[in-house]
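Protein chains get the first letters and strands the later ones, always in sequence-line order, with residue 1 at the start of each.
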Amino acid sequence: MLKKKNLLLTLFLIFLVSACGGGGDDGGGGSTTPPDDQAGGSGGGSGGGTGGGTGGGTDTDTPPTFISAVNKYYLSVGEKQQLSLSGASAISNTLEWSGNGAAYLDNHKISNPVFKADAAGVFLLNVEVNYASAEGKLARTEIVRTEILVRESPVSQEITDIEAARFLQQSTFGPNRDEIQRVKDKGYEAWIDEQIAMSMAGQTLTEFADQGIDNQRYKRDEKWRWEVWGVQSIFSPNQLRHRMAFALSEILTISFVADLHLYQNPVALFSYYDLLLNSSFTSYRELLELVTLHPVMGHFLTYKGNRSSQDHRPDENYAREIMQLFTIGLFELNLDGTLKLDAAGKAIPSYTQQKITEFSKIFTGIDGDSLTEPMGFDDTKHDQGTKTLLRDSQTQIDLIVPAGQTTQQDLAMALNNLVNHTNTAPFISTLLIKRLVTSNPSPQYVERVSTRFVQTNGNLAEVAKAILLDPEARYGQESPSFGKLREPLIKATHMIRAFNGLNNQLFRIDEARALYYKFGQAPFYSPTVFNFFMPDYTQGGLRKENLTGPEFQILNTSQLVTNENLIYDVLANHRLNAQKIRFPPLNRDEIVDIYRQRNIEGLIEHINIYFTSGIMSQHMKETILKLEQKMKEQNEAEWPLVMNIMYFVLQSPEFSIQR
Amino acid sequence: MSKDKQSRRSILKLMASGASLSVLNLANSGAVNAALSGATGSSGAAAELDDYKALVCVYLFGGNDSSNMVFPLGGESRAGYNAIRQYLAVPERISLRDPDNAEYFKGSEIIDFSSHHIEQPEAMASYNNDGLAFHPFMEGINQLYSEGAVAVQANVGSHDGDLFAHNSQQEAWMRGAPLSYSGGYGWAAKMLDKLVPENAVNRHLSNVSVFGNHTWSKGKTITPMSIGDSGHIPSLALYYHHPNALARKSIIEEHYQHHANQGSNHLVKEYANTFINADKQTSGLNEQLANVGSVGNFDGINAQFRRVAEMIKLQKNSNLENKRQIFFIGIPGFDTHKGQDRGVKNGNRFNRPPYHGLLLRDLSNAITAFYRSIEDMSLKNSVTTFTMSEFGRTLAPNVNGGTDHGWGGHQLIVGGAVKGGFYGKMPDFSAGSKDLGARQMLNPTTRTEEMFGGIANWFGLSDEQSKDIFPALNLEGVNAKRYFKS
């Protein structure tokens with residue numbers, strides 16, 4: 001028994017069949033670690049998150065973990081996979097296999113079980129490790145789980161229409177025919193590279209509003225400029241950039257809801273949105289500086305004109321929110337986004353009120369007259385004392401900003417201090433994953449993206465790539481916790497794009513709040529800096545499963561009904577002319593032609609590419625067939641028939657959850 | 001119904017029927033309290049309720065600077081208040097003129113201590129001499145106070161100031177528990193979980209928010225209905241546009257039920273459930289609301305209050321079959337970091353009103369209009385309105401003429417059943433006072449649970465049930481039904 005009481009359990013994955021295509025070169029992160037028979041010290045294979053290296057061999061060591069590229073195993077039907085499981089000469093171990101399909105363990109040997117997948121599904125592998133005490137008695141039991149996801153068809157090198165559409169719902173405002181073809185032609189990564197390299201010259205919202213065909217209209221009333229946001233988000237070829245900017249507008253949030261000054265200045269708000277567009281692929285550090293110096297942020301979080309004074313404390317507003325919402329968050333995080341815990345098992349606050357007070361001194365002496373040009377520095381109004389900031393990531397001691405520096409020098413040190421903090425990579429990575437791909441990323445997914453964040457000094461182009469090419473983004477859709485509720489605005493843009501909407505000139509938004517009244521969402525129209533929804537919002541059944549569903553926060557009773565009725569109006573009436581919003585007409589002819597030529601099966605196939613991206617359930621197919629049958633009995637004409645099917649699709653649970 | 005419960009109710013009836021002043025004195029006597037707590041001790045699971053009660057939460061988002069909502073008028077208290085608040089201190093006598101220069105409100109009135117209940121007379125002794133006033137713009141609240149319908153809970157705050165972040169402090173208030181207890185449900189919805197049986201009539205109308213989705217309304221078994229504050233409440237176009245569509249309804253419903261019951265993806269399942277609930281809650285509601293009739297004058301009042309009044313009237317019109325309701329109203333804008341005193345003062349007069357003062361004015365007008373509306377429905381003893389706000393604010397102004405996130409603050413509890421007066425301890429503003437924390441914020445002297453426990457007791461919870469909902473509630477030495485006449 002003394003030999004090895006506790007061998008670190010290393011699950012080593014060997015693909016018997018060739019590795020994943022598409023984003024599959026990611027395997028290097030975890031599976032390069034060989035099976036390790038030595039106690040302690042080997043847990044770092046997946047990039048440090050599993051916290052190996054505590055040494056010794058006692059019962060209290062690192063609990064066993066699965067170490068693989070994704071902590072989820074992806075197979076296709078017909079594949080066979082071997083898990084090499086070494087270590088654990090504990091009293092006994094068991095492997096338990098559960099799932100709802102025909103996959104099974106081919107052998108039950110603890111050291112190298114092999115499992116086979118004969119049908120698609122989600123399976124759970126439980127490993128129970130019974131640890132022995134020094135006397136050889138049972139001391140404790142650890143249970144480790146991993147998910148195994150079996151896909152319908154083997155991964156081929158060729159990207160299918162469905163796969164391309166799935167990718168585009170995460171990376172654009174919705175798939176359309178041309179973009180699907182482009183992704184298939186180029187592959188995911190090259191498509192992203194192309195998007196990153198695409199020029200923004202003449203493409204900012206401001207330029208488009210001032211120089212575009214409608215510019216005279218916007219001179220008449222600046223509030224009408226908001227339709228440029230809609231037109232560009234839907235029709236611009238710079239789709240990835242626009243989707244990123246929208247995501248960033250929900251992280252580096254400003255709001256003009258309760259601010260008459262900003263409400264009357266759509267030009268200023270456009271300037272801020274353009275900043276996000278132009279900086280969607282720069283480093284997060286650079287973006288944060290531009291944001292901090294933007295007068296709209298300075299005005300919104302009230303540090304514009306903040307100054308040092310004998311009599312009064314500086315305004316703490318920005319100091320607080322830049323930490324809580326823009327960089328490090330409330331609690332210390334591991335690289336994989338999970339909470340660090342103290343000895344008592346409690347979360348560790350990542351800063352104190354004292355730090356807020358110190359940072360509030362940094363944000364003094366920043367001011368300007370314009371609402372579109374970056375604010376400047378006025379050192380005479382800047383706090384000249386020393387400031388003690390957060391623990392420095394290099395020295396591990398609190399960073400002291402020396403007295404007597406310029407505002408600019410102080411600001412640079414403070415922003416470095418924040419962005420380099422160990423929390424920022426997992427904090428921002430998690431938020432971006434939640435905005436683009438899934439509300440409940442696995443810690444391993446977060447860790448891979450955070451790692452990329454750290455490696456590239458927070459280069460957002462690389463972070464976006466890591467998010468979208470990750471195996472979990474590409475193949476995670478069968479997991480019961482995968483996906484996100486589509487934001488109301490993105491549901492609408494998806495509809496327009498997927499119908500291959502024709503004429504952007506007919507898109508009209510007379511003012512942003514008209515969008516808000518209909519969708520419960522509009523750019524820069526969240527109630528506060530906390531955005532429309534909190535990233536950890538949960539409710540009902542999700543809470544019971546310990547899952548989050550941020551977007552559910554704005555899916556309240558009335559809003560759900562309003563959103564669904566809006567979709568009905570757009571479908572039934574071609575366009576929506578109420579409440580100062582007018583949609584471009586949808587392309588009815590195309591979809592009716594599909595039904596006419598390829599029958600209901602052809603229509604279902606089309607829907608399962610453009611709208612449900614391959615996740616249409618058998619039950620949904622049957623429901624569509626029943627609806628068609630019923631409508632034929634009711635002698636509905638072709639268009640009402642197709643329209644009603646599309647209406648069902650657009651408000652179905654399958655489409656409402658992006659997977 | 002148990003004998004205990006009957007006897008308790010007869011005591012309560014007796015008390016309610018008596019002359020108010022003597023009854024109040026009686027209610028404070030130890031004998032009656034002991035009798036009452038003995039009577040409530042035995043109540044277990046959801047008992048049958050035969051009286052209607054509604055609880056209305058008015059949430060002040062951002063952290064209300066309540067030290068200007070109720071403030072000292074004279075003496076040493078005033079001197080200390082002036083010294084800390086500096087130019088943010090509400091002047092003793094101010095007046096506001098409307099554009100026509102007609103004076104429509106003048107001066108703060110000294111709150112009359114003598115005729116209302118003071119929970120801690122010793123701690124409040126100095127204020128008895130120095131005087132307290134509501135903000136002069138809170139004319140309505142001042143009037144309701146004089147009618148005995150307003151309880152002020154002084155300096156109440158969450159257990160753990162944490163980092164004084166908006167979201168975590170909001171959560172703490174809405175959960176009624178320190179965040180470390182987690183769970184994530186709201187205390188009011190948890191009360192409904194316990195009080196309203198699964199098969200109760202109109203259960204789906206018992207939990208209404210007119211300000212979006214918030215934790216306070218989230219229960220284990222009860223789903224909040226969240227509706228708009230004005231206009232018609234739409235029901236699903238899918239089902240009402242055409243008889244043919246209606247004939248297909250069951251096909252589509254079956255699809256939702258399928259996902260709600262056996263959906264394999266949790267988010268898909270949640271969406272299906274949300275959809276089914278929304279359909280159930282909204283279908284026909286618009287027509288019902290259109291027929292409730294007048295609910296009184298809400299001109300110029302935040303529309304949420306009228307909508308809640310309508311929902312209550314709807315219950316009344318259906319014979320109050322649904323015995324318990326909770327409502328959530330939210331008022332944003334209290335995060336006054338900058339220029340909260342942006343009013344222009346001319347001597348003792350404001351030519352332009354201060355921003356925070358206007359927030360208080362609107363709050364006061366809204367609560368008052370709502371109270372009158374409920375009074376006209378003859379339900380004033382059945383409906384209690386109260387405020388919550390995540391924290392008070394720092395007392396000293398920051399350099400931008402605003403205030404930052406503090407901790408303790410004062411809250412209002414308003415209703416016909418309320419025993420008007422002052423609860424807890426108003427802060428001592430003198431230098432070095434223990435009530436003043438770092439950055440000159442108020443260290444709370446009452447915990448949120450004590451306030452919520454008092455409300456929960458009125459709503460019908462036994463002590464054990466309250467302990468279950470508010471794990472940190474300490475009932476020792478606390479009069480659980482403190483705010484209420486019976």
Tell me, for A:Met534 versus chain B, whether the close heavy atoms (under 4.5 Å) come from the side chain, the backbone, both or neither. side chain

Comparing B:Asn273, B:Asn400, B:Ile233, B:Leu285 against chain A, the one with the most heavy-atom pairs below 4.5 Å turns out to be B:Asn400

Of the backbone (N, CA, C, O) and the side chain (C-beta and beyond), which part of A:Lys355 lies under 4.5 Å from a heavy atom of chain B, both, or neither? neither

Heavy-atom distance under 4.5 Å to chain B: side chain of A:Arg313, backbone, both or neither? both

Using non-hydrogen atoms only, which part of A:Gln634 is less than 4.5 Å away from chain B: side chain, backbone, both, or neither? both

Would A:Arg543 and B:Tyr185 count as a cation-pi pair here, with the cationic atom under 6.0 angstrom from the ring centre and within 45° of the axis? yes

Relative to chain B, which segment of A:Ser617 carries a heavy atom at a distance below 4.5 Å: side chain, backbone, both, or neither? side chain

With only heavy atoms counted, which part of A:Glu622 is less than 4.5 Å from chain B, the side chain, the backbone, both or neither? neither

Residue from B:Lys220, B:His258, B:Lys269 scoring the most non-hydrogen pairs under 4.5 Å with chain A is B:His258

If I measure from the heavy atoms of chain B, does A:Thr528 come under 4.5 Å with its side chain, its backbone, both, or neither? neither

Which bit of A:Lys630 is near chain B, if near means a heavy-atom gap under 4.5 Å: side chain, backbone, both or neither? side chain

So how far is it from B:Lys338 NZ to A:Lys304 NZ, rounded to the nearest 0.5 Å? 6.5 Å

Could you check whether B:Phe61 and B:Phe211 have their ring centres less than 6.0 Å apart? yes

Residue part contacting chain B, namely of A:Leu555, when any heavy atom lies under 4.5 Å: both

Name the member of A:Asp311, A:Asn317, A:Thr302, A:Ile657 that forms the most heavy-atom pairs with chain B at distances under 4.5 Å. A:Asn317

Give the minimum heavy-atom separation between B:Ala188 and B:Ile326, together with the two atoms involved. CB-CD1, 3.7 Å

Using a strict threshold of under 4.0 Å (side-chain N to carboxylate O), is an ion pair present between A:Glu564 and A:Lys491? yes

Interchain contact, B:Gln281 with chain A, by part (heavy-atom threshold 4.5 Å): side chain

Applying a strict 4.5 Å limit to non-hydrogen atoms, the region of A:Glu321 in contact with chain B is side chain

Structural part of A:Leu560 lying under 4.5 Å from a heavy atom of chain B: side chain

For A:Phe533, is it the side chain, the backbone, both, or neither that has a heavy atom closer than 4.5 Å to a heavy atom of chain B? neither

Quick check on A:Ser360 against chain B: is it the side chain, the backbone, both or neither that has a heavy atom closer than 4.5 Å? neither

Answer with yes or no after comparing the ring centroid distance for B:His255 and A:Phe648 against a 6.0 Å cut-off, counting only values under it. yes

Electrostatic pair B:Asp404-B:Arg439, nearest N-O below 4.0 angstrom: no

When only pairs under 4.5 Å are counted, which of B:Ala438, B:Ser226, B:Pro224, B:Ser209 shares the most heavy-atom pairs with chain A? B:Ser226

Can you tell me how far CG of B:Asn64 sits from CZ of B:Phe391, rounded to the nearest 0.5 angstrom? 11.0 Å

Which one wins on heavy-atom pair count under 4.5 Å against chain A: B:Asp335, B:Val268, B:Ile227, B:Asn244? B:Asn244

Could you give the distance from OG1 (A:Thr548) to NZ (A:Lys484), rounded to the nearest 0.5 Å? 11.0 Å

What's the spacing between A:Thr538 OG1 and A:Asn440 CG if we round to 0.5 Å? 8.0 Å

Okay, A:Glu545 and chain B: the region with an atom under 4.5 Å from a heavy atom over there is side chain

